[in-house]
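Working notes for the structure below.
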Amino acid sequence: MSQCKPLTLHVPEPSGRPGHETDFSYLHLAEAGAVRRPPLEVLPSDTSDLAYALVRVLDDDGNAVGPWAADIDRELLRRGMRAMMKTRIFDARMVIAQRQKKMSFYMQSLGEEAIGTAHALALQEGDMCFPTYRQQSLLMARDVPLVDLICQLLSNQRDPMKGRQLPVLYSVRAAGFFSISGNLATQFIQAVGWGMASAIKGDTKIASAWIGDGSTAESDFHTALTFAHVYQAPVILNVVNNQWAISTFQTLAGGESTTFAARGIGCGIASLRVDGNDFLAVYAASRWAAERARSNLGPTLIEWITYRAGPHSTSDDPSKYRPADDWSHFPLGDPIARLKQHLIRIGAWSEQEHQDTEKELEAQVIAAQKEAERYGTLASGQIPSPATMFEDVYKDMPEHLRQQRRQLGV
Ligand SMILES: Cc1ncc(C[n+]2csc(CCOP(=O)(O)OP(=O)(O)O)c2C)c(N)n1
């Protein structure tokens with residue numbers, strides 16, 4: 001025994017750090033079109049290979065290839081393009097507004113726009129998404145009024161959340177967008193419960209659960225998988241692997257030498273690993289999972305491979321922990337540039353139309369921002385009345401809250 005070397009712990013480290021380029025070979029990419037598309041009725045255990053592969057449709061030249069390349073309506077692709085562009089323009093404007101101290105905080109989704117956009121377009125009206133704070137693209141694809149969103153960000157007098165929630169923590173029930181909570185992963189298990197309720201009622205609606213790679217380390221992730229499997233809940237379990245959880249590389253959440261999609265296989269859930277920057281792949285995989293759920297074939301877990309191109313939030317400086325130009329080396333590229341290339345190739349878009357759309361959407365966001373600011377910004381101090389902060393804690397306000405409200409003199 002004395003011959004044994006002392007034990008050591010393994011602490012995963014990213015290959016790239018500031019001033020040192022990332023080696024992205026750990027992603028184990030597949031060629032576009034190379035991964036099979038199984039029938040909807042596939043057994044979960046028969047998707048094991050897919051949990052380690054990478055479903056891709058768009059090749060480097062913008063062609064749609066392979067078994068996942070569906071015949072997608074051009075108008076739908078163009079809608080997706082606009083929704084992605086709107087998401088990016090909106091994000092950029094809101095980051096500036098935060099810098100101007102009009103709002104206290106913001107989180108952008110730069111580089112991840114295809115995932116929520118294509119997914120939302122693959123779902124049906126009435127399906128419910130349980131998002132994280134980085135799925136604003138779901139809202140953009142569902143054409144939620146920008147003024148409402150900006151009022152929430154400004155916590156002003158027209159904020160639908162009445163100034164009670166941190167900016168970005170939207171709630172838009174009518175658009176199938178469940179209230180965002182700051183507590184990571186809680187929504188993942190709630191989505192499964194919502195799907196179960198739909199099945200118990202004999203409804204036809206399905207749930208879509210969202211989580212980041214870092215948050216899969218939370219226990220709610222595992223609980224969600226167990227419940228989804230046991231009851232064959234009609235739910236899509238989306239894991240957005242953008243490689244980072246604030247300053248923590250995805251290997252520290254358990255992504256080293258395995259995949260997050262592989263977690264599903266162990267729990268008896270059909271699982272896919274998909275190029276999240278490939279609009280067509282996101283749409284096809286989302287449709288596949290949605291059809292499985294709606295046909296009572298059970299849950300599907302999808303790991304979307306993407307890259308968090310921007311800072312974690314306006315409170316974060318990624319240059320402290322990763323190479324500044326990391327995104328430009330990310331092998332799956334930019335989702336907007338990739339769909340643009342495809343659309344131009346099939347004659348459904350042009351450089352001119354791209355520029356015109358950019359201008360039009362920019363004007364739309366600016367107009368919405370101007371209107372929202374009429375109801376107040378953080379800087380102007382027009383906020384909801386403090387009296388409203390005691391409301392909605394309970395359905396009816398109990399005596400002790402009335403008393404506290406009187407004490408405040410409002
Ligand atoms: C329960 C809980 N723990 C920690 C935090 C602080 N926190 C907020 S975001 C975040 C990182 C989440 O990373 P990931 O799930 O990968 O999502 P991403 O931000 O990359 O989209 C952490 C640790 C929190 N909000 N809730």
Side-chain angles (χ1 to χ4, degrees), residues 12-14 16 22 26-27 87-88 91 94-95 98 104-117 119 129-140 164-171 177-191 208-225 237-256 258-261 263-264 273-274 276-277 282 301-323 326-327 330 332 335:
E13 265 292 319
T22 300
Y26 73 88
L27 287 171
T87 307
R88 186 166 294 183
D91 277 352
M94 295 307 116
V95 168
Q98 193 280 334
S104 58
F105 181 75
Y106 192 70
M107 300 177 97
Q108 52 178 318
S109 62
L110 183 66
E112 304 178 30
E113 296 92 344
I115 302 169
T117 304
H119 188 84
C129 289
F130 288 73
T132 78
Y133 44 69
R134 225 183 288 283
Q135 271 84 53
Q136 50 265 57
S137 52
L138 290 171
L139 295 166
M140 297 299 165
R164 295 165 185 163
Q165 285 270 50
L166 189 74
V168 180
L169 303 189
Y170 308 110
S171 172
F177 192 94
F178 194 79
S179 310
I180 302 175
S181 151
N183 302 343
L184 298 173
T186 51
Q187 73 284 352
F188 218 59
I189 180 69
Q190 291 162 358
S208 178
W210 294 85
I211 201 165
D213 48 280
S215 307
T216 62
E218 286 285 344
S219 50
D220 281 355
F221 173 72
H222 304 271
T223 312
L225 266 55
L237 301 159
N238 300 281
V239 179
V240 179
N241 182 356
N242 63 14
Q243 316 307 315
W244 292 93
I246 314 184
S247 58
T248 306
F249 189 55
Q250 55 98 29
T251 50
L252 216 54
E256 193 169 59
T258 184
T259 69
F260 292 98
R263 301 279 196 280
R273 185 170 176 265
V274 180
N277 291 2
V282 177
L301 187 148
I302 308 177
E303 176 183 357
W304 305 107
I305 304 297
T306 185
Y307 188 86
R308 196 200 76 214
H312 170 74
S313 71
T314 49
S315 309
D316 175 48
D317 174 7
S319 74
K320 295 277 189 290
Y321 54 81
R322 70 183 190 190
D326 220 23
W327 189 36
F330 184 64
L332 299 178

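Both counts, for ligands and for their atoms, begin at 1 and track the order of listing.
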For this session: Apply salt bridge (Lys or Arg N to Asp or Glu O under 4.0 Å) to Arg308 and list each qualifying residue two or more places apart in sequence or on a separate chain.
Result: Asp316
Problem set entry | Counterpart residues, salt bridge (Lys or Arg N to Asp or Glu O under 4.0 Å), relative to Glu256 (two or more places apart) | none
Problem set entry | Arg88 with Asp91: basic N within carboxylate O range, under 4.0 Å | no
Seminar exercise, completed: The single option from Tyr26, Tyr307, Trp327 that satisfies side chain to side chain donor-acceptor pair (under 3.5 Å) with Gln243 is Tyr26
Problem set entry | Pairs meeting criterion side chain to side chain donor-acceptor pair (under 3.5 Å) with involvement of residues 208-224, two or more places apart | His119-Ser208, Ser208-Trp210, Ser208-Asn238
Exercise. Taking the side chain from Tyr170 and the backbone from Leu139, do they hold a donor-acceptor pair closer than 3.5 Å?
Worked result: no
Exercise. Name the residues in contact with ligand 1, where contact means a heavy atom under 4.0 Å away: which are they?
Worked result: Tyr133, Arg134, Gly182, Asn183, Leu184, Gly212, Asp213, Gly214, Ser215, Glu218, Asn242, Trp244, Ala245, Ile246, His312
